[in-house]
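Inspection log for the structure reproduced underneath, given as structure tokens.
Just so you know, these numbers come straight off a predicted model, no measurement behind them.
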Amino acid sequence: MYLSRFLSIHALWVTVSSVMQPYPLVWGHYDVCKTQIYTEEGKVWDYMACQPESTDMTKYLKVKLDPPDITCGDPPETFCAMGNPYMCNNECDASTPELAHPPELMFDFEGRHPSTFWQSATWKEYPKPLQVNITLSWSKTIELTDNIVITFESGRPDQMILEKSLDYGRTWQPYQYYATDCLDAFHMDPKSVKDLSQHTVLEIICTEEYSTGYTTNSKIIHFEIKDRFAFFAGPRLRNMASLYGQLDTTKKLRDFFTVTDLRIRLLRPAVGEIFVDELHLARYFYAISDIKVRGRCKCNLHATVCVYDNSKLTCECEHNTTGPDCGKCKKNYQGRPWSPGSYLPIPKGTANTCIPSISSIGNPPKFNRIWPNISSLEVSNPKQVAPKLALSTVSSVQVANHKRANVCDNELLHCQNGGTCHNNVRCLCPAAYTGILCEKLRCEEAGSCGSGSGQGAPPHGCPALLLLPLLLPALLGTARPLRF
């Protein structure tokens, strides 16, 4: 008896699992590209804007230093401790791992003490300027979502510029200037982000807030992304809809937070005094223990996933788009000009899907497999084992014309009652049936269906899901509920 009950439970579980496999468990804001909905004419796909999750982008960058031999340790040299600038018995030696300070230590895990850090050569060639360019490249367009944070193990530099590129390092624009004296260094009045507003948020400023010289507790430099977001989303970023609306309608604002490369230009080390102490030049150098850059791949709201393969970031494009940033329509899907997705209307946005070209409609290519979103399901009881398919209808006004391109397939949208799918655009139904998926009896439209017609109404929904609440008690008996 127990064996037969177990086999019955197993058979039911396999059936339910195969049915439920397409339905993801968790959905975030703007992170779903497709939703299956029901209209007066049957099931169709509803598309929406989507974007990858924000992540730590330092895991995917390449770093370049200029001059390339600026890192300390070749040849070995001594330098002065940060806490005591006259204690100059610390050693940097590139040939000894414990004493080396290569560039990759700016991006390693900072959970141990003492901190690991990259370090430049000392200012032994004074009065020749000690200047370093640190270039961070992604070979991909990314969108910044959080503050850029640079942690120094030396004093913070007296003069520094953070720059950005939008064309893979061919041209550069300043992001922000940093100095102990902005007027003297860059002929700019000192400002902070707090001095800006919605109307001046794109202004390039010079700040003295992060250049206080050679002190132990002053290590961090910020480029404030979130403070700029807050001009539109509020001080705690609770009104992200307002920010998304601004990003959607203001290209300059969107481009401001978009980069392919960042460059940190270290122009003058922390001196902490009016004059350079030429007798102790080993106290002047740059050292950085950590750089934080959070963002997401720019996919023009046409992808939820960005993959890192063969040292390259690539969007997994949806909506019949292609390219590194999903920046063009696929071949045979150029029925209208390419357009980025849109955050509007909030919260789902608009996908602006590329539609088939007129010349390809007669023989459209096979669509990729796509799955329904959880919003196409209806859960009447949050505790029930599985949701049931929604049978309610939605006005066809909500469905754009391009959503009928993939009416049927051999994977999810099967033609019913013996119908066959023709080029993914329509079902060829037997004589007795009609409808998008051959789900209706033809006699129903004529009002001639009856008990003597020999034609019963086809089942609706998913039998395994609808019968599950009835089958489980009988099959499980007194067995404990499954936990997963």
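For the pair D93 (side chain) and S95 (backbone), a donor-acceptor distance under 3.5 Å is present. With hydrogens and angles ignored, the 3.5 Å screen pairs a side-chain donor or acceptor of Y284 with a backbone N or O of D277. H319 places a side-chain N or O within 3.5 Å of a backbone atom of M48 that can act as its donor or acceptor partner. Judged purely by atom type and a 3.5 angstrom limit, Y178 uses its side chain to pair as donor or acceptor with the backbone of H222. Between the side chain of H101 and the main chain of A287, no donor-acceptor pair closer than 3.5 Å is present. Proximity of a side-chain donor or acceptor of K140 to a complementary backbone N or O of D325 within less than 3.5 Å is not detected. Distance alone, capped at 3.5 Å, places no donor-acceptor pair between the D74 side chain and the A94 backbone. In terms of modelled atom types and a separation under 3.5 Å, the side chain of T200 and the main chain of S197 share a donor-acceptor contact. With hydrogens and angles ignored, the 3.5 Å screen pairs no side-chain donor or acceptor of Y343 with any backbone N or O of T249. S342 contributes a side-chain N or O that, together with a main-chain N or O of L344, makes up a donor-acceptor pair within less than 3.5 Å.
Side-chain contact between V193 and R228 is present, with at least one heavy-atom pair separated by less than 4.5 Å.
Between C88 and C80, the sulfur-to-sulfur (SG-SG) separation falls under 2.5 Å. The SG atoms of C33 and C50 lie less than 2.5 Å from each other.
Ring geometry for F285 against F79 counts as perpendicular: the plane angle is over 60°, on a 0 to 90° scale with 30° as the lower cut. In this structure, F186 and Y177 have tilted ring planes: the angle between them lies in the 30° to 60° band.
Identified under the disulfide (SG to SG under 2.5 Å) test for residues 151-206, with sequence neighbours left out: C182-C206.
Side-chain contact, T116 with D108: a donor N or O sits under 3.5 Å from an acceptor N or O. E153 and S289 share a donor-acceptor pair across their side chains, judged by distance under 3.5 Å alone. Side-chain contact annotation: N352 with T350, donor-acceptor N/O pair under 3.5 Å absent. Side chains of T304 and Q51: no donor on one and acceptor on the other come within 3.5 Å. Side-chain contact of S54 with T145: a donor-acceptor pair under 3.5 Å is present, judged by distance alone. Side-chain atoms of W338 and T321 form no donor-acceptor pair, as typed in the model, at a separation below 3.5 Å. Looking at S357 and N332, their side chains never bring a donor and an acceptor atom within 3.5 Å of each other. Between Q176 and Y210, the side chains place no donor N or O within less than 3.5 Å of an acceptor N or O (distance only, hydrogens not considered).
Each of M160, K219, K292 was evaluated against I150; a single residue qualifies, M160, per the side-chain contact (heavy atoms from CB on, under 4.5 Å) test.
In this structure, CD on E91 lies 7.0 Å from OG1 on T96, to the nearest 0.5 angstrom.
K164 and D261 are not joined by a salt bridge, as no carboxylate oxygen comes within less than 4.0 angstrom of a charged side-chain nitrogen. Salt bridge R296/E53: absent, no basic N to carboxylate O contact under 4.0 Å. A salt bridge does not link D66 to K64: none of the charged side-chain nitrogens sits closer than 4.0 Å to a carboxylate oxygen. Look at E208 and K191 and you find no salt bridge, because none of the NZ, NE, NH1 or NH2 atoms lies under 4.0 Å from a carboxylate O.
Taking the six-membered ring wherever Trp is involved, the centroid distance between the rings of F229 and F257 falls below 6.0 Å. Here F223 and Y175 bring their ring centres to under 6.0 angstrom of each other.
Remark: K312 NZ is loosely packed, at most 12 non-hydrogen atoms of other residues, nucleotides or ligands lying under 6.0 Å away.
Contact detail for V276 and R268: the closest heavy-atom pair is CG2-NH2, 3.9 Å.
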Begin with the C-alpha distance, continue with both residues' side-chain angles, and end with the deciding distance and a verdict on salt bridge (charged side-chain N to carboxylate O under 4.0 Å, His left out) for R294 and D56.
-> CA-CA 5 Å; R294 287 194 66 85; D56 175 10; 5.8 Å; no
I would like to know whether E163 and R265 meet salt bridge (charged side-chain N to carboxylate O under 4.0 Å, His left out); could you show each step before the answer?
-> CA-CA 8 Å; E163 297 178 324; R265 295 183 59 197; 3.3 Å; yes
Using the salt bridge (charged side-chain N to carboxylate O under 4.0 Å, His left out) rule, take D46 and K348 through it: C-alpha gap first, then chi angles, then the decisive distance, then the call.
-> CA-CA 10 Å; D46 180 22; K348 286 174 54 176; 2.5 Å; yes
Is there a disulfide (SG to SG under 2.5 Å) between C326 and C317 once you walk through the steps?
-> CA-CA 6 Å; C326 308; C317 300; 2.2 Å; yes
Where do C354 and C329 land on the disulfide (SG to SG under 2.5 Å) test, with the steps shown first?
-> CA-CA 6 Å; C354 293; C329 292; 2.0 Å; yes
Under the side chain to side chain donor-acceptor pair (under 3.5 Å) criterion, do E77 and T122 qualify, and how do the steps go?
-> CA-CA 8 Å; E77 63 177 313; T122 59; 2.8 Å; yes
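Checked against salt bridge (charged side-chain N to carboxylate O under 4.0 Å, His left out), D248 has no partners two or more places apart in sequence or in another chain.
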